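Before any comments, here is the structure.
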Amino acid sequence: MAKGQGQTAPDAVLTRIGQVAMLHHAGDREEARRRFLGLWAEIGEHGDALHRCTLAHYLADTQDDPEEELAWDLRALSAAEELTEDLLADRHEGTPAARALYPSLHLNVAADYDRLGHREAARLHLRRARAAARSLAPGPYGEGVRASIDRLELRFDGTDRGTGGPDRPEGRGRPPRQRP
């Protein structure tokens, strides 16, 4: 909290991540990936966990290779888990933001594992996404994440019956991104 203001001071790094995310959403995936990687180089592997979580979460969506996308999504999840540990020690004020990302993080990892043919890992993370989504506040973000979980689950069920498969339109089963 900014002293005496009663509101949170802006976080310059999260603002920069948000600006690059807007570039990506506007359709310039290559430039967004380049800028995200530049930010990652600034933050580093041991930088602020909330920054790493948010940046890796967005950076995953700019990847062409499904294994690279999974690697970035796992980095985001790992950073979120660090924040959860910080909550127990009362060390980081960004912990609630990371908790709100858990359903989306697990859903992304589930979709990544599914694309790579790792069905059991995909189902495990889908179950974790659903459990974490119970704590999301009502509203468009939470509803969008829950709908994405439902769609991925339906697709998994269809695959189990032989009516679906890993070749699907991009974006199905992917949750909406929460703005940094």
Side-chain angles (χ1 to χ4, degrees), residues 1-87 91-112 115 129 132-133 135-149 169-180:
M1 294 285 240
K3 290 187 179 181
Q5 293 179 1
Q7 57 183 319
T8 303
D11 183 319
V13 174
L14 291 179
T15 298
R16 291 171 63 200
I17 292 169
Q19 290 168 340
V20 178
M22 287 189 300
L23 178 68
H24 179 234
H25 292 301
D28 197 344
R29 187 174 187 208
E30 292 297 320
E31 181 62 17
R33 179 175 36 224
R34 188 185 69 73
R35 290 186 190 189
F36 278 144
L37 287 170
L39 281 169
W40 186 262
E42 287 179 36
I43 293 169
E45 291 282 332
H46 303 290
D48 181 86
L50 179 60
H51 295 160
R52 287 183 290 117
C53 175
T54 306
L55 181 55
H57 188 51
Y58 281 99
L59 190 51
D61 285 344
T62 67
Q63 302 304 305
D64 295 324
D65 178 355
E67 289 183 8
E68 283 297 312
E69 184 174 1
L70 173 62
W72 284 109
D73 279 330
L74 288 172
R75 283 182 187 102
L77 186 57
S78 176
E81 289 168 350
E82 286 178 41
L83 285 170
T84 301
E85 291 168 10
D86 283 351
L87 172 67
R91 293 188 300 228
H92 200 289
E93 65 186 43
T95 303
R99 282 187 177 272
L101 287 174
Y102 264 118
S104 178
L105 294 171
H106 281 292
L107 179 58
N108 287 344
V109 170
D112 295 340
R115 267 193 291 287
S135 66
L136 289 177
Y141 176 73
E143 291 167 13
V145 170
R146 284 186 279 275
S148 294
I149 291 168
E170 190 62 32
R172 293 185 65 191
R174 303 298 283 183
R177 295 291 184 188
Q178 188 172 35
R179 298 237 182 248

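From a predicted model like this one, the values you see are computed outputs, not experimental measurements.
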- A132 backbone acceptor or donor facing S135 side chain under 3.5 Å: yes
- Item | S78 side-chain N/O to L74 backbone N/O, donor-acceptor pair under 3.5 Å | no
- Task: Tell me, please, which residues at least two apart from I43 pass side chain to side chain contact (heavy atoms under 4.5 Å, CB included).
- Result: V13, H51, R52, L55
- With sequence neighbours left out, the residues meeting side chain to side chain contact (heavy atoms under 4.5 Å, CB included) with A133 are P103, L136, R146, I149
- Item | W72 side chain near D61 side chain, heavy-atom distance below 4.5 Å | no
- Who are the side chain to side chain donor-acceptor pair (under 3.5 Å) partners of R75, not counting sequence neighbours? none
Separation between [atom1] of [X] and [atom2] of [Y], rounded to the nearest 0.5 Å:
X: W40; Y: Y58; atom1: CH2; atom2: OH; result: 15.0 Å
X: E68; Y: L59; atom1: CD; atom2: CG; result: 9.0 Å
X: R34; Y: L23; atom1: CZ; atom2: CG; result: 9.5 Å
X: D73; Y: L107; atom1: CG; atom2: CG; result: 9.5 Å
X: L101; Y: L77; atom1: CG; atom2: CG; result: 10.5 Å
X: E82; Y: D48; atom1: CD; atom2: CG; result: 9.5 Å

Please report the shortest heavy-atom distance between [X] and [Y], naming the atom on each side.
X: A56; Y: A76; answer: CB-N, 3.6 Å
X: A80; Y: L105; answer: CB-CD1, 3.6 Å
X: E69; Y: A60; answer: CG-O, 3.2 Å
X: D112; Y: L70; answer: OD2-CA, 3.3 Å

Salt-bridged, [X] to [Y], with N to O below 4.0 Å?
X: E31; Y: R35; result: yes
X: R33; Y: D64; result: yes
X: E42; Y: R16; result: yes

- Under 3.5 Å side-chain donor-acceptor pair for T62 and H24: no
